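This structure is a prediction, so every number in the text was calculated from the model and none was measured.
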Amino acid sequence: MHTTAPAARIDAAIHKGIFRQRVELASRHLEYIMDKLSSDKPLDFDQAKQIVTPLLFGDSQKCMPIVDLMEMLRGPHDYTYHHGVAVAALAAFIGRWLELPEDQVFELTISGYLHDIGKAKVSVDILDKPGALSPDEWESVHAHPTYACEWLMETPGVSQSVICAIREHHERNDGSGYPNQLQDSGISLFAKILAVCDGFHAIISKRVYKDPLSPFGAVKELEEQCPTKYDPRAVKALLHGMLENYRGCKVRLSDGTEGTIIYIDAAQPLRPIISTEGGPKDLTEWPHLLIEEVLG
């Protein structure tokens with residue numbers, strides 16, 4: 001009777017450790033892929049699928065909620081490689097929330113994993129530049145979806161859905177995106193989902209040129225750009241599906257108060273109720289307060 005709880009905790013810790021190893025393996029494999037591409041060596045698509053499959057479709061995912069995964073992958077180190085894993089995980093999450101067929105969820109996931117491989121052809125000095133980019137530098141960055149698709153079109157086994165998603169993941173509904181300034185109906189659903197995943201993880205991550213926002217702040221920023229920039233369905237999936245997973249998380253508010261999320265209203269998921277030492281705070285009644293940081 002007394003061994004059940006400790007045994008369960010040990011089992012969960014083991015599975016969590018295995019998942020962390022798979023996350024790191026996927027990140028390192030993405031680095032390997034991009035190193036090969038930068039040397040004009042071919043991409044092994046089957047190998048990439050084998051790396052992603054156990055990470056996002058195995059039983060161990062139950063022991064590493066999406067919240068923990070995002071916290072693992074939001075640091076400044078190895079951003080490009082961690083970003084690919086994070087976008088893949090978010091894409092799988094949104095795909096399932098939207099009840100897409102499982103084969104489409106997998107294609108969406110592998111698209112997320114490989115969406116930035118074109119950056120292998122962009123100088124690291126440009127990608128990590130702390131200041132504003134010059135027009136020539138922006139032109140180089142804006143070409144990365146095109147570079148990726150040039151490689152993928154020469155890679156056996158890659159579907160047109162994956163190529164299209166990666167080519168279009170920086171397009172925006174109002175035509176302000178790149179590389180082809182496509183508008184709403186001209187952008188594939190996969191690309192619209194990747195755009196939201198890409199934006200969300202970029203906003204919550206610390207970079208050399210910016211501080212991160214909390215996941216709640218990130219979703220709010222994306223929501224404010226619907227439908228002008230982002231697809232409302234994908235943002236809604238993130239808003240109502242993912243944020244629900246933050247129930248029970250410790251947070252710091254913009255006034256410095258720390259507490260725990262105890263209730264998230266489906267109608268106003270960005271304004272949960274926080275349990276604090278001074279009593280519960282319903283953020284619907286404190287409009288000036290924001291969730292500044294998720295503490296764990």
* Could you tell me whether Glu99 and Arg96 make a salt bridge, using a distance below 4.0 angstrom between a side-chain N and a carboxylate O? => no

* Asked: Should Arg271 and Asp265 count as an ion pair when the cut-off is N to O under 4.0 Å?
  -> no

Enumerate the residue pairs fulfilling salt bridge (charged side-chain N to carboxylate O under 4.0 Å, His left out) with a member in [range], sequence neighbours excluded, ordered by first and then second residue.
range: residues 127-147; value: Asp128-Arg207, Lys129-Glu137
range: residues 149-171; value: none
range: residues 282-296; value: Arg252-Glu293

Between [atom1] of [X] and [atom2] of [Y], what distance do you get to the nearest 0.5 Å?
X: Leu238; Y: Cys197; atom1: CG; atom2: SG; result: 7.0 Å
X: Leu213; Y: Ile203; atom1: CG; atom2: CD1; result: 6.5 Å
X: Ile166; Y: Leu152; atom1: CD1; atom2: CG; result: 5.0 Å
X: Arg247; Y: Cys249; atom1: CZ; atom2: SG; result: 11.0 Å
X: His170; Y: Leu182; atom1: NE2; atom2: CG; result: 13.5 Å
X: Ser205; Y: Leu73; atom1: OG; atom2: CG; result: 8.0 Å

Could you tell me which non-hydrogen atom of [X] sits nearest to which non-hydrogen atom of [Y], and how far apart they are?
X: Phe190; Y: Ala165; answer: CB-CB, 3.6 Å
X: Ser254; Y: Leu289; answer: OG-CA, 3.6 Å
X: Ala120; Y: Leu37; answer: CB-CB, 4.4 Å
X: Met70; Y: Ala89; answer: CE-CB, 4.4 Å
X: Met34; Y: Asp116; answer: CE-O, 3.6 Å
X: Pro280; Y: Ile273; answer: CB-CG2, 4.2 Å

If Ile, Leu, Val, Met, Phe, Trp and Tyr residues are connected whenever their side-chain heavy atoms lie under 4.5 Å apart, and connections chain through other members, are [X] and [Y] in the same group?
X: Phe93; Y: Val67; value: yes
X: Val251; Y: Ile262; value: no
X: Val294; Y: Tyr263; value: no
X: Val105; Y: Phe45; value: yes
X: Tyr32; Y: Ile110; value: no

* Asked: Of all residues at least two apart in sequence or in a different chain, which pass the side chain to side chain donor-acceptor pair (under 3.5 Å) check with Lys236?
  -> none

* side chain to side chain donor-acceptor pair (under 3.5 Å) involving Glu221 - partner list, sequence neighbours excluded -> none

* **Within 6.0 angstrom of Trp97 CH2, more than 12 heavy atoms from elsewhere** => yes

* Should we count NZ of Lys220 as having more than 12 external heavy atoms under 6.0 Å? -> no

Could you check if a side-chain atom of [X] sits within less than 4.5 angstrom of a side-chain atom of [Y], using non-hydrogen atoms only?
X: Leu243; Y: Val219; answer: yes
X: Ile117; Y: Leu30; answer: yes
X: Lys119; Y: Tyr147; answer: no
X: Ser188; Y: Cys164; answer: yes
X: Met72; Y: Arg20; answer: yes
X: Asp184; Y: Lys192; answer: yes
X: Leu100; Y: Ile94; answer: no
X: Val235; Y: Phe200; answer: no

* Asked: When the ring planes of Tyr113 and His29 are compared, do they come out parallel, tilted or perpendicular, using 30° and 60° as the limits?
  -> parallel

* **Set of salt bridge (charged side-chain N to carboxylate O under 4.0 Å, His left out) partners for Lys250, sequence neighbours left out** => none

So, do [X] and [Y] have ring centers that fall under 6.0 Å from each other?
X: Tyr178; Y: His169; value: no
X: His201; Y: His82; value: no
X: His83; Y: His115; value: yes

With no hydrogens and no angle check, is any side-chain donor or acceptor of [X] less than 3.5 Å from a backbone partner on [Y]?
X: His240; Y: Ala266; answer: yes
X: Thr276; Y: Gly278; answer: yes
X: Asn173; Y: Pro227; answer: yes
X: Thr257; Y: Leu253; answer: no
X: Thr155; Y: Val158; answer: no

* Could you check Lys229, Gln181, Gln183, Gln225 and say which one makes a side chain to side chain donor-acceptor pair (under 3.5 Å) with Asp174? => Lys229

* Asked: Should Lys281 and Asp255 be marked as a salt bridge (Lys or Arg N to Asp or Glu O under 4.0 Å) after you check the CA-CA gap, both sets of side-chain angles, and the distance that decides it?
  -> CA-CA 12 Å; Lys281 282 191 174 182; Asp255 66 350; 3.2 Å; yes

* To do: For the pair Asp44 and Asp46, evaluate side chain to side chain contact (heavy atoms under 4.5 Å, CB included) and give the outcome as yes or no after the intermediate values.
  => CA-CA 6 Å; Asp44 188 332; Asp46 286 337; 3.8 Å; yes

* To do: Verify side chain to side chain contact (heavy atoms under 4.5 Å, CB included) between Ile291 and Leu283, making sure each step is shown before the conclusion.
  => CA-CA 9 Å; Ile291 295 176; Leu283 295 193; 3.9 Å; yes

* Please step through side chain to side chain contact (heavy atoms under 4.5 Å, CB included) for the pair Glu71 and Ile204, ending with a clear verdict. => CA-CA 9 Å; Glu71 291 304 306; Ile204 69 170; 5.7 Å; no

* To do: Check the pair Ile187, Arg172 against side chain to side chain contact (heavy atoms under 4.5 Å, CB included), reporting the backbone distance first and the verdict last.
  => CA-CA 8 Å; Ile187 306 171; Arg172 295 295 179 261; 5.7 Å; no

